[in-house]
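Computed from a predicted model, the values in this text were never measured in an experiment.
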Amino acid sequence: MAAVVDRVDSADVGEMREALAAMRASDQSSREFQLAHWDFHRVILRRCPTGFQTMIESQLTQIDRHQRLYFSRAVAVSDMTATDAKFLDAVEAGDADAARDILTFHLLDTALGVIATQDPGHRFCTLPIAVRGQAIGLEGLDELGEGQRAQISWCGSPADVVRELQTTHLQVV
């Protein structure tokens with residue numbers, strides 16, 4: 001994020017606002033929400049180096065069907081839209097640190113939601129180790145299947161806006 005947020009222009013912000021509005025439209029199907037959500041994030045992705053774009057696009061293709069089930073839940077749509085709105089505010093303000101931290105929260109929240117929806121008894125082994133390598137703590141993962149929230153923390157000091165983030169599956173502590 002730090003490398004690309006300064007490349008975002010007003011036309012990009014406008015495209016992201018349009019995609020966010022499409023995500024918020026109440027009469028859309030979960031598939032239409034998913035496509036609008038991808039449109040939202042692809043605006044930023046276009047500002048990334050080509051190799052990074054290719055890698056992310058291949059990941060999106062792999063998670064497509066898993067997201068369809070997750071996005072059929074109204075609470076997932078609400079959580080995601082609220083987080084994306086904060087992300088857009090950070091991008092528009094040129095606040096790369098906040099955008100990075102919000103996107104980190106968003107990606108982990110989405111992954112946790114998809115996993116908890118499809119495999120409520122899933123036991124997380126490698127994810128806490130992987131995020132620790134990024135100076136992030138992730139606790140309470142085993143309770144996700146019981147309807148509890150996992151807790152995320154940063155070893156450093158996250159952007160102030162990140163401290164306000166909370167969804168069905170994840171909260172900042």
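Using a cutoff of 4.0 Å between basic side-chain nitrogens and carboxylate oxygens, Asp12 and Arg46 are scored as salt-bridged.
Residue Gly94 comes nearest to Val5 through the heavy atom pair O-CG1, 4.2 Å, listed as atom of the first residue, atom of the second, then distance. The two residues Arg149 and Thr167 make their nearest non-hydrogen contact at NE-O, 2.6 Å. The two residues Met80 and Thr110 have their closest heavy-atom pair at CE-OG1, 3.1 Å. Minimum interatomic distance between Phe105 and Gln166 (heavy atoms only, all atoms of both residues): CZ-N, 4.0 Å. Between Ala36 and Ala19, the closest heavy-atom pair is O-CB, 3.6 Å. When all heavy atoms of Val161 and Ala98 are compared, the pair lying nearest together is CG1-CB, 4.0 Å.
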Side-chain donor-acceptor pairs under 3.5 Å in residues 134-147, sequence neighbours left out?
none

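Contact check for His106 versus His41: side-chain heavy atoms found under the 4.5 Å cut-off. Under the 4.5 Å side-chain criterion, counting only non-hydrogen atoms from C-beta, Ile152 is not in contact with Val173.
Here OG1 of Thr54 is found 8.5 Å from CG of Leu45. Values are rounded to the nearest 0.5 Å. In this structure, the separation between CZ on Arg100 and CG on Asp95 is 9.0 Å, given to the nearest 0.5 Å. A distance of 13.5 Å separates CG of Leu20 from CD of Glu15, quoted to the nearest 0.5 Å. Atom CG of residue Leu112 and atom OG1 of residue Thr168 lie 11.5 Å apart, to the nearest 0.5 angstrom. Summarising the geometry, atom CG belonging to Leu103 is positioned 5.0 Å from atom CZ belonging to Phe87; distances are rounded to the nearest 0.5 Å. Put simply, NE2 on His122 and CD1 on Ile115 are 5.0 Å apart, with the number rounded to the nearest 0.5 Å.
Residue Val114 is not grouped with residue Val75 when hydrophobic side chains (ILVMFWY) are merged at heavy-atom distances under 4.5 angstrom, including chains of intermediate members. Under the 4.5 Å side-chain heavy-atom criterion for ILVMFWY residues, no single connected hydrophobic cluster contains both Phe40 and Leu35. If you chain together hydrophobic residues whose side chains sit under 4.5 Å apart, Leu107 and Leu165 fall into the same group.
Note on ring orientation: taking the six-membered ring where Trp is involved, the planes of Phe33 and His37 are parallel (angle under 30°, cut-offs 30° and 60°).
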- Carefully, step by step, assess Arg42 and Glu57 under the rule side-chain contact (heavy atoms from CB on, under 4.5 Å). CA-CA 9 Å; Arg42 280 188 171 119; Glu57 287 290 339; 2.6 Å; yes

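Under the 3.5 Å distance criterion, the side-chain polar atoms of Arg47 are left unmatched by any main-chain donor or acceptor of Val8. A donor-acceptor pair under 3.5 Å is absent between the side-chain atoms of Gln171 and the main chain of Gln151, judged by distance alone. Judged purely by atom type and a 3.5 angstrom limit, Ser58 uses its side chain to pair as donor or acceptor with the backbone of Met55.
Residue pairs meeting the side-chain hydrogen bond (donor to acceptor under 3.5 Å, both in side chains) criterion with at least one partner in residues 155-165, sequence neighbours excluded, are Lys86-Glu164, Ser157-Arg163, Asp160-Arg163.
Listed by chain and number, the residues in a salt bridge (Lys or Arg N to Asp or Glu O under 4.0 Å) with Asp39 amount to none (sequence neighbours excluded).
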